[in-house]
Every structure is written in C-alpha cells, then in structure tokens.
Asker: 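Structure provided below as structure tokens; questions to follow.
In what follows, chains are A, B, ... by sequence order, proteins preceding strands, each numbered from 1.
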Amino acid sequence: MGSLLDAAIDAPEIREYDVEAVNRKETRPPLYVPRKKIHPRRTHGFFRTFKWWVMAVTLGIYYVTPWLRWDRGPGAPDQAVLVDIPGRRFYFFFIEIWPQEFYYIAGLLIMAGLGLFLITSVVGRAWCGYTCPQTVWTDLFIWVERMVEGDRSARIRLDKEPMSASKLSKRITKYVIWLIIAMGTGGAWVFYFADAPTLLTDLVTGQAATVAYATVGVLTFTTFTLGGFMREQVCTYMCPWPRIQAAMMDEESLTVTYRTDRGEPRRPFEKNADWDTRGDCIDCKACVVVCPMGIDIRDGQQLECITCALCIDACDDVMGKIGRPRGLIDYDSIANDERRREGKETKLRLFRPRTLFYFALWALIGLGMVYVLLTRSDLDINVIHDRNPLYTTLSDGSIRNGYTFKILNKAREQRTLTLHASGLHGAKLKVVGSEDMGDSPDPYFTVKPDRLQSFRLLVTVPPGTLKSDAADLRFVLKEINTGQTASYNSLFRGPQ
Amino acid sequence: MSDHRHVDEFTGIETTGHEWNGIRELDNPLPRWWQWVFWACVVWSIGYWVVYPAWPLVSSHTKGMIGYSSRAEVAQEIKTATAGMAGQLERIRKAPLEQIRTDAGLREFALAGGRSAFAVNCSQCHGSGAQGFKGFPNLNDDEWIWGGTIDAIFRTITHGIRNTEDEQAHQSEMPAFGRDGILTKAQVSDVAEFVLSLSGQAADSAAAARGKPLFTDNCAACHGDNGQGSAEFGAPALNNDIWLYGGDKATIVETITNSRRGVMPAWGRHLDEATVKQLAIYVHSLGGGK
C-alpha cells in the first residue's frame with residue numbers, strides 16, 4: 001500500500017496548471033467586462049458522474065415525455081402529457097385540468113418554488129449546479145466541444161491557431177452538432193402542445209403551424225447562443241436567481257467550500273513535505289482549471305459559484321495522489337468553519353427552523369392539492385347575478401332576478417339535471433331559452449358531454465316575500481340519474 | 001450648471017457638469033448596444049414610411065408599397081366574419097320566429113346576434129340591460145303596451161311607434177285631456193285619484209268615486225273598464241305596479257293633462273330582416289316575453 005502511494009506521489013500527473021480564475025477576487029471588476037473565454041478541463045469523480053446521471057435523467061424526461069401514451073377513451077387525446085391550448089385542457093396522465101382549475105398549476109409552481117427554497121437552504125445552489133437547463137445544456141455543449149476539439153490545452157491551442165482547413169472543419173463539426181442539439185431542444189418543447197407523432201410528421205413535411213416553427217426557431221437560437229457562447233455569462237449577468245438565493249441560505253447550509261484552516265498556507269508540492277508546517281493546498285490550481293464559471297473557490301463563497309462541485313472532484317483526485325485526506329474542498333457549512341476554528345466538532349444540521357418551515361409549507365400545499373384533486377367533482381355550477389337591472393318588478397308586484405349560470409360537465413356523457421333554489425319561499429325558477437316547461441319550480445335540462453354550457457335563469461318571488469333589499473339564495477344542481485349534486489350560493493335582490 | 005470640466009476622482013470619468021445636492025452624474029457614453037438598437041429603429045422607420053401608408057398629403061396620404069391599410073384589413077375581417085355567418089343568417093331570415101326560438105342552435109346564434117345589435121341600436125334608450133328609463137319601457141318586465149309575443153315584438157321593432165317614417169307604425173293618440181280642455185283641472189285630479197285606486201295605491205276615496213264615471217266616459221274605451229289596458233290600442237294597463245312615466249299622483253295628473261306620446265323609430269327601415277328577427281328573439285328572451 002505504501003509503495004503504491006509513493007508511486008502515486010511520484011506520478012507525473014501532479015502538475016501545476018497555468019491558469020488564472022477569470023473572476024478572481026483581487027481582480028474582479030465592479031461591472032460588466034467583455035467575456036474572457038473559459039476552457040474548463042475534464043474531471044472525473046463522484047460529482048462528475050452524478051452530473052452525467054442527472055443530465056441523462058433530466059434530458060431523458062424532457063425528450064421522452066411527449067411520446068408517452070395514455071388511453072383516455074374515444075374522442076380524447078391519448079398523449080400522457082399534453083397542453084391542449086385550442087381545446088383548453090391540460091392532460092397529465094390520469095389528471096385532466098380545465099382552465100377553471102388553473103390553480104392546480106399555480107399550486108404546482110408554488111410547490112416547485114418552495115421545493116427550491118428547501119433544497120437551497122439544505123445544500124445551497126443544487127438547482128444551479130445540476131438541474132438548471134442552462135447548466136445541463138452548457139455541460140452537454142462543452143462535452144461536444146471536448147469530443148470535437150479535444151480537452152483544455154488542445155482547445156486553447158486551437159483558439160490561438162490561425163484559421164485552417166482542419167480548424168474550420170472542427171469548428172463546423174462542433175457548430176453543426178450544437179445546432180442539432182439546439183433544434184432538438186426546441187423540437188421537443190412543441191411536442192408538449194400537440195399530438196407528438198402527428199406534429200413530427202407535420203414539422204418534417206412543412207405542414208405544421210407557423211407558431212410551431214417559430215417556437216422551434218426561438219428555442220434553437222437561445223439554446224445555441226446561451227449554451228454555446230454565453231455559458232457562465234448567463235449565470236453571472238442575466239440570471240436573477242444567484243441574487244435571490246442568498247436569502248434562503250444560512251450558516252448551516254451546505255455549499256462548496258475550501259477549508260482554509262487545512263489548506264493554508266499553500267505552497268507548491270514538495271516531495272516528503274512536512275505537512276505539519278504547511279497547508280495541504282499545493283496550489284496546483286486543478287480546482288480553477290475545471291471550473292466552468294472560471295472562479296477560484298479558494299477565494300471563498302462567490303456569487304458566480306453554481307456549486308457544481310467539479311472542483312471537489314479535481315481536488316480529491318490531487319489529494320489522493322499526494323497522499324493527503326480528501327475533502328480539502330468539500331460540501332461544508334459556514335458554521336462548521338466557525339466550529340473548527342473554535343476547536344469544536346463539526347456537524348450536519350439538516351433540521352433547522354428554516355428547513356422545517358420550508359418543508360412544512362411545501363408539504364401543506366402538496367397535501368392540500370392531493371386532497372382537492374381526490375375530492376374534485378366532474379360537475380360544477382357557477383352563477384352570475386345580473387347587474388343591470390338588479391331586479392325587475394312585474395305587473396303583479398312580484399320581484400324577478402335574472403342570472404346567468406354556467407354548468408361545467410366534465411363527464412364524457414350527456415347529463416340531465418334539475419336546478420333547485422332554496423332559501424326563498426315561493427321562488428319560481430325558469431330557464432330561458434330551453435324547452436318551455438312553464439314555471440315549474442325545478443326546471444330540468446340537459447348539458448352536452450365534456451362542455452361548459454351557459455344558461456339564463458329567471459327567479460321570481462311573489463310580492464311581500466323579500467324582507468330586505470337582498471336575500472341569500474342557494475342553487476342546487478342535481479343530476480337526475482345519479483343524484484350527484486353541485487351547489488352555489490348567490491343573492492336575490494329587490495327594492496329597498 | 002458649470003463651465004468647468006469636472007472629473008470624478010474615483011472613476012476618472014468626466015461628469016456632466018450638473019450638480020444636485022452634491023450629487024454629480026458621470027458622463028458615460030450611451031451603451032453601444034443601445035445605440036445600435038436606436039439606429040436600427042431609425043433605419044426601420046425609414047423603410048416603414050415607404051412600405052406602409054404614413055405621410056399625410058394635402059387631400060390624401062401616401063399609400064405605401066404593398067397597398068396595406070388597417071381600414072382595408074378591418075373591412076376584410078368583417079367580410080370574412082359576415083361570410084362565415086351568412087349561412088346562419090340566411091336560415092334565420094327564412095325561418096319563422098317560433099322555429100328560431102325552439103331550435104337550440106339557431107336560438108343561440110340569434111341571441112348572440114340580438115345582444116350585440118341591441119347594444120348598438122337599442123341600448124341608448126332602453127338601457128344596456130334593457131332596464132328602461134322614464135318613458136322608455138323596461139323590456140325585462142311583463143308589461144307589453146303593444147303586445148309581448150315574439151311576433152308582436154318583431155312587429156313593434158320593425159315598424160316602430162308613432163314615427164313618421166313608416167305607415168304601419170303603431171299609432172295611439174291619447175288626448176291631452178287637460179290641455180285641450182276636455183276635462184277641468186278638478187276632473188283631472190279626480191280621474192287621477194281613481195287611477196291610483198285602480199293600481200291599488202292609496203287614494204282619496206271620495207275623489208276616486210267622483211273620478212270613476214269620468215274614467216268610464218273618457219278612458220275606458222282604450223284602457224278598459226278596470227284599467228286593464230289593451231295591446232290592440234297600445235293602451236297601457238293602469239291596474240298594476242308598472243308605470244312607464246311614473247305612478248305617483250302628480251305624474252298621473254301630468255299624463256292625463258298633456259298626454260304622452262313616446263316615439264320609436266322603424267328599425268325595419270334601418271336594419272335587415274335577419275337582424276330584426278335576432279333582436280326580437282333576444283328581447284323576448286329577456287324574461288318578459290309572453
């Protein structure tokens with residue numbers, strides 16, 4: 001074991017990199033400066049592997065989802081996830097959302113936001129480092145770049161070279177692959193809004209709607225430029241999230257941290273060094289050279305750091321080679337840094353008021369959504385009282401109010417319903433326009449399947465019924481066959 | 001404002017020379033991208049002048065290169081919409097009113113068309129909710145001076161009331177009993193008391209008793225013995241709670257003295273038949289239709 005370690009220490013791979021962090025603490029400009037291109041070097045290790053997996057899973061979900069099928073019976077689309085804008089429906093597997101139920105989407109967005117707060121308070125900018133589309137596609141683009149043009153040193157050399165046939169062919173190859181990926185991004189997006197197989201055929205044969213091509217075009221353009229050329233500039237200058245997220249983090253949140261107490265004073269690697277008199281950091285700059293944001297993590301916490309943890313992989317690799325313990329750069333909290341300085345034991349505090357609060361809120365909304373989803377009805381009524389006129393006095397002195405009521409029939413069959421008004425004695429109901437049923441107290445009528453239908457209703461009460469200018473009135477809609485009901489509380493207005 | 005050049009000591013950039021409460025503004029150049037956008041807009045606008053109608057001339061304006069105008073675009077859209085509705089309108093024109101009312105599809109179309117035609121042509125007098133005003137009947141209630149069946153409503157809209165443009169317009173001439181000297185002031189007052197009692201309002205019973213024979217002689221021919229009214233003569237019912245001009249004593253006296261002669265245009269002369277039919281369906285659906 002000892003000899004192996006020695007061999008590793010002697011290994012020639014331990015090298016110092018000639019690199020300077022683009023966003024170095026000492027030289028950081030106050031405002032925007034023209035971009036200096038970053039050529040991140042390839043890394044290996046736990047976090048790099050984890051990032052590959054996250055990329056595979058997220059991109060996999062993104063590209064595959066529109067192609068999943070879900071049988072909803074005849075007359076309904078069989079795409080598992082579909083935003084049907086012309087039909088005004090949102091389909092998500094067994095859930096079907098109508099425009100009136102958009103609060104489900106709002107709830108999901110709130111949950112996503114709170115989930116982000118929770119994750120950020122626990123492990124810092126995990127979103128930025130692993131799952132943000134900008135990160136994922138940039139990572140993919142850098143991978144392509146590396147495949148075509150080689151690793152860091154080869155790319156730097158190529159950039160400096162004058163234009164030649166081989167340089168041109170490499171550039172063109174890279175751009176073409178980027179363009180294909182970028183088009184795939186926009187291409188996958190539109191499939192969420194129409195039947196995917198049909199739309200694919202239409203797109204290829206030039207039959208698809210202009211908006212589909214425009215969407216693909218815009219997303220292709222943004223993916224190509226943001227992922228290919230702007231990269232870290234997007235996170236540093238365009239994205240608001242790095243500015244906001246600090247509010248979710250506290251001293252116990254885990255972030256990628258350089259252990260100053262262990263690393264300093266840093267000095268170049270020397271064989272058989274006395275590690276008691278110097279720090280573990282050999283200033284090889286491996287952490288800088290792999291950073292896609294072009295920062296030096298040893299400068300401490302920075303706005304640019306997306307906590308992708310590639311510097312951890314790079315540093316752990318070096319620590320292994322020089323025979324020092326891993327974790328000189330690691331996920332750690334500010335509080336632990338403090339504890340170490342005070343000679344206390346470090347600890348991981350996941351359950352804090354902040355994280356518990358975020359989790360409780362998130363879970364509360366989640367449970368609420370599940371409850372509403374499980375108890376929701378496929379029959380709904382909405383009543384709007386006429387405002388003009390508020391009421392009409394009839395020749396015999398009775399008072400009549402007009403209402404517009406809408407029935408939401410989410411079932412895929414026609415229904416026959418009756419409407420009953422309770423709360424006002426002697427109220428007579430008449431549905432205008434539907435078959436004349438006289439002034440029967442409870443009119444009945446039919447609604448078409450899968451439709452929102454509007455009706456006009458007249459409610460008349462005999463003279464002397466109203467005790468004030470307004471009375472409560474409750475409409476109860478009842479399906480004749482199943483007895484299912486839906487109700488709405490409204491008002492009946494009369495003269496002062 | 002100062003003539004001295006002032007250079008900011010921290011940035012080394014010249015300031016604009018203004019100073020407000022010790023605050024100076026750096027004279028930084030405009031952002032390059034902003035200037036690009038500005039000049040691009042200038043170039044764009046020149047192209048726009050040429051391609052689109054833009055310049056007013058003495059009696060006209062430049063027509064642009066592609067012959068576009070927003071007015072023509074609207075006209076085209078209206079034409080398309082009209083063409084899209086032509087089939088339904090033709091069906092409405094041909095179908096009897098009762099059939100339109102009972103056919104769900106036609107009715108829905110007619111109600112929508114009637115609602116918008118009402119808003120454009122009728123709401124000025126009858127109110128946007130057809131609630132009416134003094135002298136302009138409420139179309140939601142169940143009193144119809146000229147009849148409340150769908151056909152009667154259609155006829156009223158087509159020919160109007162007491163207008164001079166249509167010979168078939170409804171005509172009813174209530175005499176101005178007071179002004180023309182048919183009844184004395186005291187008699188008018190007595191008749192008004194009787195009318196109050198007809199409608200169930202508080203009335204001086206002695207005066208009402210004096211008014212009764214006067215009513216029978218002068219008013220019952222049109223308004224009926226019990227003031228029940230007659231759609232045939234356009235005579236409103238006087239024995240209910242609905243008053244077109246108001247039901248208090250003073251207003252009734254005023255009505256008997258000077259008569260009331262509301263006028264409605266003959267819409268058949270201004271609107272096409274299908275529109276009038278849609279209006280009739282809509283007005284009938286407001287709730288008072290018989």
Asker: Near A:Lys37 NZ, under 6.0 Å, is it more than 12 heavy atoms from other residues, nucleotides or ligands?
Answerer: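 More than 12 within 6.0 Å, yes.
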
Asker: Quick check: are there more than 12 heavy atoms from other residues, nucleotides or ligands sitting under 6.0 Å from NZ of A:Lys410?
Answerer: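 More than 12 within 6.0 Å, yes.
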
Asker: Taking heavy atoms only and a threshold strictly under 4.5 Å, list by residue number the residues of residues 138-146 of chain B that touch chain A; give 'none' if the list is empty.
Answerer: B:Asn138, B:Asn140, B:Asp141, B:Asp142

Asker: Residues in salt bridge (charged side-chain N to carboxylate O under 4.0 Å, His left out) with A:Glu479, at least two apart?
Answerer: A:Arg415

Asker: Could you check B:Asp241, B:Asn240, B:Asn239 and say which one makes a side chain to side chain contact (heavy atoms under 4.5 Å, CB included) with A:Ser395?
Answerer: B:Asn240

Asker: Can you tell which part of A:Leu394 gets under 4.5 Å to a heavy atom of chain B, answering side chain, backbone, both or neither?
Answerer: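 For A:Leu394, the contact with chain B is made by backbone and side chain together.
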
Asker: Should we count NZ of B:Lys212 as having more than 12 external heavy atoms under 6.0 Å?
Answerer: no

Asker: Counting only heavy atoms from other residues, nucleotides and ligands, does the tally under 6.0 Å from CZ of A:Arg412 exceed 12?
Answerer: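 More than 12 within 6.0 Å, yes.
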
Asker: Heavy-atom pairs under 4.5 Å with chain B: which of A:Leu458, A:Asn388, A:Thr393, A:Asp396 has the most?
Answerer: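 The option with the most such pairs is A:Asn388.
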
Asker: Please check if the number of heavy atoms outside B:Tyr245 that lie under 6.0 Å from its OH is greater than 12.
Answerer: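 Counting other residues, nucleotides and ligands, OH of B:Tyr245 exceeds 12 neighbours.
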
Asker: Answer yes or no: does atom CZ of B:Phe133 have more than 12 heavy-atom neighbours from other residues, nucleotides or ligands under 6.0 Å?
Answerer: yes

Asker: Please name the pair of heavy atoms, one in B:Gly129 and one in A:Pro389, separated by the smallest distance, quoted to 0.1 Å.
Answerer: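 Heavy-atom minimum between the residues: O-CD, 3.4 Å.
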
Asker: With a 6.0 Å cut-off (strictly less than), is the heavy-atom count around CD of B:Gln124, excluding the residue itself, greater than 12?
Answerer: yes

Asker: Counting only heavy atoms not in A:Arg243 (residues, nucleotides, ligands), do more than 12 fall under 6.0 Å from its CZ?
Answerer: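 Counting neighbours around CZ of A:Arg243, more than 12 heavy atoms of other residues, nucleotides or ligands fall under 6.0 Å, so yes.
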
Asker: Give, for atom CG of B:Leu286 and atom CZ of A:Arg456, the distance between the pair rounded to the nearest 0.5 Å.
Answerer: 6.0 Å

Asker: With rounding to the nearest 0.5 Å, note down the distance linking CD in B:Glu108 to CD in A:Gln453.
Answerer: 7.0 Å

